[in-house]
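This report concerns only the one structure given below.
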Amino acid sequence: MSFSKGNGTEELLEWYRDNARDLPWRRPGVTGWQILMSEVMLQQTPVSRVAPIWEQWVARWPVPSAMAGSSQGEVLRAWGKLGYPRRALRLHECARVLAADFDDVVPSDVDALLTLPGVGAYTARAVACFCYGARVPVVDTNVRRVVARAVHGLVDAGNPSTTRDLADVEALLPTDTARAATMSAALMELGAVICTARSADCARCPLPDCAWVDAGKPPSTAAPKKVQKFAGTDRQVRGKLLDVLRAGSGAVEKARLDIVWPQDPAQRDRALDSLLVDGLIEQTDDGLFALAGEGAQPSPPRNSSTATR
DNA sequence: TTCCGGCTAA
DNA sequence: TTAGCAGGAA
């Protein structure tokens with residue numbers, strides 16, 4: 001397996017060396033933990049939204065044990081509106097495991113990384129490669145698309161098969177470890193900047209040859225995929241409910257949550273229950289709702305300021 | 001396969 | 001209006 005005719009490895013590596021974006025988590029001296037935080041944040045979330053939050057997190061929780069010392073609620077608040085807040089919860093649990101079982105250091109071994117909460121096939125290899133320079137295929141949606149086009153001549157990757165994709169990319173990597181690691185980063189960068197889902201800027205593409213271009217840029221033949229709607233879904237309701245708790249400082253009465261989704265009480269209660277099940281929120285003994293880990297905290301003293309009454 | 005946020009470029 | 005975004009887990 002290789003890029004269509006010529007092997008575009010040298011061109012791609014050179015392009016990356018000269019054009020890689022100056023992302024904060026690519027700075028020298030960034031640790032495995034900090035890389036891991038960036039990777040989890042970047043799951044389904046654009047770079048521009050992640051960068052400022054990541055800077056705050058690196059300053060606040062520079063090592064796993066620091067985060068393990070904070071409550072889940074504190075982490076959820078700091079997560080803000082990045083979306084998919086279960087990621088934050090997993091990262092917190094991951095920090096606890098790293099502090100307890102890994103001497104506060106993110107492991108470099110892919111199999112060890114895969115045991116960590118919130119770390120899947122992509123993230124494990126991304127950390128092994130970007131932080132520790134391992135020669136492993138790093139396959140995300142960008143790489144999948146680049147390989148589909150440049151190698152297979154298709155606009156989009158078909159059914160994502162992790163096994164096949166890993167083998168595809170593995171075959172593209174140079175033998176030399178350092179060059180292979182750079183190659184993985186370059187493939188991702190190419191998909192993120194040049195060969196994007198919306199448009200392929202072939203004029204600026206460093207690859208000397210592309211199977212998709214050679215084939216005349218054929219459109220997708222795949223059936224239109226089902227769109228995962230958002231408006232009116234439980235996801236939207238969960239977001240609104242969680243936003244109330246994130247914005248406030250302590251436990252709140254259910255009525256405070258009810259008002260953000262009055263149109264469908266059944267759906268609202270279902271969403272609220274799912275947040276409890278996910279461990280994102282908790283219920284206090286007196287029936288109030290709070291962010292996870294904050295229900296036991298003394299709510300703002302209601303009667304202490306009796307002088308004002 | 002489906003569910004899980006929130007934002008924005010086109 | 002919506003497709004798409006450095007995915008993971010059940």
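A, B, ... follow the sequence lines: proteins, then strands. Residue 1 opens every chain.
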Spacing between [X] atom [atom1] and [N] atom [atom2], to the nearest angstrom:
{"X": "A:Tyr122", "N": "C:dA9", "atom1": "OH", "atom2": "C1'", "value": "18 Å"}
{"X": "A:Leu275", "N": "B:dC4", "atom1": "CG", "atom2": "P", "value": "10 Å"}
{"X": "A:Glu39", "N": "C:dG7", "atom1": "CD", "atom2": "C1'", "value": "10 Å"}
{"X": "A:Trp79", "N": "B:dG6", "atom1": "CH2", "atom2": "C1'", "value": "12 Å"}
{"X": "A:Tyr84", "N": "B:dC3", "atom1": "OH", "atom2": "P", "value": "11 Å"}
{"X": "A:Trp54", "N": "C:dA6", "atom1": "CH2", "atom2": "P", "value": "17 Å"}
{"X": "A:Leu42", "N": "B:dC7", "atom1": "CG", "atom2": "C1'", "value": "15 Å"}
{"X": "A:Asp278", "N": "B:dC4", "atom1": "CG", "atom2": "P", "value": "8 Å"}

Choose from [options] the nucleotide whose nearest atom is closest to any side-chain atom of [X].
{"X": "A:Lys81", "options": "C:dA6, B:dC4, B:dC7", "result": "B:dC7"}
{"X": "A:Met188", "options": "C:dG7, C:dA6, B:dG6", "result": "C:dA6"}
{"X": "A:Ala197", "options": "C:dG4, C:dA6, C:dG7", "result": "C:dG4"}
{"X": "A:Arg86", "options": "C:dA6, B:dC4, B:dG5", "result": "B:dC4"}
{"X": "A:Pro46", "options": "C:dC5, B:dC7, C:dA6", "result": "C:dC5"}

Tell me what [X] touches on the nucleic acid: a base, only sugar-phosphate, or nothing, going by heavy atoms under 4.0 Å.
{"X": "A:Trp25", "result": "base"}
{"X": "A:Arg270", "result": "nothing"}
{"X": "A:Arg26", "result": "base"}
{"X": "A:Leu242", "result": "nothing"}
{"X": "A:Asp234", "result": "sugar-phosphate"}
{"X": "A:Val138", "result": "nothing"}
{"X": "A:Thr141", "result": "sugar-phosphate"}
{"X": "A:Leu114", "result": "nothing"}
{"X": "A:Gly83", "result": "base"}

For a quick test of reading the model: is some side-chain N or O of [X] closer than 4.0 Å to OP1 or OP2 of [N]?
{"X": "A:Arg145", "N": "C:dC5", "answer": "yes"}
{"X": "A:Thr123", "N": "C:dG8", "answer": "yes"}
{"X": "A:Arg235", "N": "B:dG6", "answer": "no"}
{"X": "A:Gln43", "N": "C:dA6", "answer": "no"}
{"X": "A:Arg125", "N": "C:dG7", "answer": "no"}

Considering residues, nucleotides and ligands other than [X], do more than 12 of their heavy atoms fall under 6.0 Å from its [atom1]?
{"X": "A:Arg246", "atom1": "CZ", "value": "yes"}
{"X": "A:Asp201", "atom1": "CG", "value": "yes"}
{"X": "A:Arg204", "atom1": "CZ", "value": "no"}

Nearest non-hydrogen partners of [X] and [Y], listed with the distance:
{"X": "A:Val151", "Y": "A:Ala211", "answer": "O-CB, 3.5 Å"}
{"X": "A:Gly295", "Y": "A:Glu282", "answer": "N-OE2, 2.6 Å"}
{"X": "A:Gly8", "Y": "A:Leu207", "answer": "O-CD2, 4.1 Å"}

Interatomic distance at P, B:dC7 relative to C:dG8, whole Å: 23 Å
Whole-Å P distance, C:dA6 and B:dT2: 23 Å
Donor/acceptor link under 3.5 angstrom from A:Arg238 side chain onto base of B:dG5: no
Side-chain donor/acceptor of A:Arg198 to base of C:dG4, under 3.5 Å: no
Donor-acceptor contact below 3.5 Å, side chain A:Asp165 vs main chain A:Arg144: no
Residues [X], [Y]: salt bridge by 4.0 Å N-O rule:
{"X": "A:Arg179", "Y": "A:Glu10", "result": "yes"}
{"X": "A:Asp243", "Y": "A:Lys81", "result": "yes"}
{"X": "A:Asp264", "Y": "A:Arg270", "result": "no"}

Paired and unpaired positions of DNA chain B as dot-bracket, Watson-Crick or G-U wobble under 3.5 Å, | denoting a partner strand: ||||.|||||
Toward the 5' end of DNA chain C, by each residue's nearest nucleotide, A:Arg21 or A:Leu116: A:Arg21
